[in-house]
Amino acid sequence: ADDRTVFLGGRPGSFRSTDAGATWNQMYGGLPPDGRCTRIIASPDFVNDRTIFHASSFDGVHRSQDGGDTWTSIGLGQAEIRAMAVSPDFPNDRTVFVHVNWNGLFRSTDAGDSWQLASTGMPIAQVMEGLDLSPDYATDRTAFAALGSGAVFRTTDGGDSWEDVSGVLPPVSARAL
């Protein structure tokens with residue numbers, strides 16, 4: 001398939017281009033029109049499933065399953081979200097992670113229909129700067145999280161538990177993964 005869709009989130013609003021960025025249109029259809037988009041991530045299988053996740057400050061997470069025409073709030077509102085990740089195997093495992101600042105990391109295994117706290121072993125009262133899943137997440141269930149303190153945490157069980165791995169890293173305050 002030849003899909004040329006690109007998404008841009010900002011302040012105010014979020015935009016979509018269907019011609020590789022030559023033209024842009026603001027997306028409405030359920031998104032807060034003046035909201036500050038903090039993350040926007042398309043499914044790895046976007047060409048087929050047309051799924052996108054949109055996180056914003058104080059408006060939670062929204063999901064579109066029609067390429068961005070319409071959006072549904074799927075929770076985690078009233079707090080700032082700065083980190084979000086979608087599983088590379090999303091078409092099969094439907095896994096999404098969202099960190100709600102000062103409230104912890106949440107995981108969904110049903111594309112955002114429900115959320116469970118997945119912060120065991122990690123301080124909850126933190127800002128998360130970065131969150132990334134292994135390209136082979138389907139088999140190794142590994143993810144990394146960089147907290148605002150500079151600490152880096154790793155899970156090898158899909159987010160059931162996390163361990164601080166900062167001690168094996170170069171002396172750096174991690175801000176991105």
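- Under the 4.5 Å side-chain criterion, counting only non-hydrogen atoms from C-beta, Ile41 is not in contact with Val96.
- Here the closest non-hydrogen pair linking Ser57 and Thr38 is OG-CG2, 3.5 Å.
- One N or O on the side chain of Trp115 and one on the backbone of Ile74 form a donor-acceptor pair closer than 3.5 Å.
- Taking 4.5 Å as the limit, every side-chain heavy atom of Ser108 sits out of range of all side-chain heavy atoms of Asp113.
- The closest side-chain heavy-atom distance from Leu31 to Gln26 is not below 4.5 Å.
- The same ILVMFWY cluster, assembled from side-chain heavy atoms under 4.5 Å apart, contains both Val61 and Val100.
- Scanning all heavy atoms of the two residues, the minimum distance from Asp45 to Pro91 falls at CB-CG, 3.3 Å.
- With hydrogens and angles ignored, the 3.5 Å screen pairs no side-chain donor or acceptor of Asp136 with any backbone N or O of Asp140.
- The main-chain N or O of Thr70 is found under 3.5 Å from a side-chain atom of Ser64 such that the two form a donor-acceptor pair.
- Placement of Ile124 and Ile81 within a single hydrophobic cluster is found when ILVMFWY residues are connected by side-chain heavy-atom separations under 4.5 Å, directly or transitively.
- For the pair Arg82/Met128, no side-chain contact is recorded, criterion being any heavy-atom separation below 4.5 Å from C-beta on.
- With no hydrogens or angles considered, a side-chain donor-acceptor pair links Asp164 and Ser166 at under 3.5 Å.
- No donor-acceptor pair under 3.5 Å is formed between the side chain of Arg50 and the backbone N or O of Asp66.
- Cluster membership check: Phe106 does not share its hydrophobic cluster with Met122, using side-chain heavy-atom separations under 4.5 Å among Ile, Leu, Val, Met, Phe, Trp and Tyr.
- Of all heavy-atom pairs spanning Thr23 and Asp19, the tightest one is OG1-OD2, 2.7 Å.
- Applying the ring-ring contact (aromatic ring centres under 6.0 Å, His included) rule to pairs touching residues 71-100 yields Phe53-Phe90, His54-Trp71, sequence neighbours excluded.
- Panel note: side chain Ser161, backbone Thr120; no donor-acceptor pair is recorded below 3.5 Å.
- For Phe7, the ring-ring contact (aromatic ring centres under 6.0 Å, His included) test picks out Phe46, with sequence neighbours left out.
- Remark: side-chain polar atoms of Thr18 are not paired, donor with acceptor, to backbone N or O of Thr5 under 3.5 angstrom.
- The closest side-chain heavy-atom distance from Leu8 to Ser17 is not below 4.5 Å.
- In terms of modelled atom types and a separation under 3.5 Å, the side chain of Arg39 and the main chain of Val98 share no donor-acceptor contact.
- Between the side chain of Ser119 and the backbone N or O of Leu105 there is at least one donor-acceptor pair closer than 3.5 Å.
- Here the closest heavy-atom approach between residue Gly13 and residue Cys37 is recorded as O-CB, 4.5 Å.
- The only member of His62, Met27, Arg36 that meets side-chain contact (heavy atoms from CB on, under 4.5 Å) when paired with Ser14 is Met27.
- Counting only distance, with no hydrogens or angles, the side chain of Arg16 and the backbone of Gly67 share a donor-acceptor pair below 3.5 Å.
- Using a 4.5 Å cut-off on side-chain heavy atoms (C-beta onward), Arg107 and Thr155 make no contact.
- For the pair Tyr137 and Pro88, the tightest heavy-atom approach, listed with the atom from each and the gap, is CB-CD, 3.9 Å.
- Taking hydrophobic clusters as Ile, Leu, Val, Met, Phe, Trp and Tyr residues chained together by side-chain heavy-atom distances below 4.5 Å, Leu131 shares a cluster with Leu147.
- For Arg94 (side chain) and Asp110 (main-chain N/O), no donor-acceptor pair under 3.5 Å exists by modelled atom type.
- Side-chain heavy atoms closer than 4.5 Å link hydrophobic residues (I, L, V, M, F, W, Y) into clusters, and following such links, possibly through other members, connects Phe153 to Leu133.
- Taken to the nearest 0.5 Å, the OG1 atom of Thr142 stands 11.5 Å off from the CG atom of Asp132.
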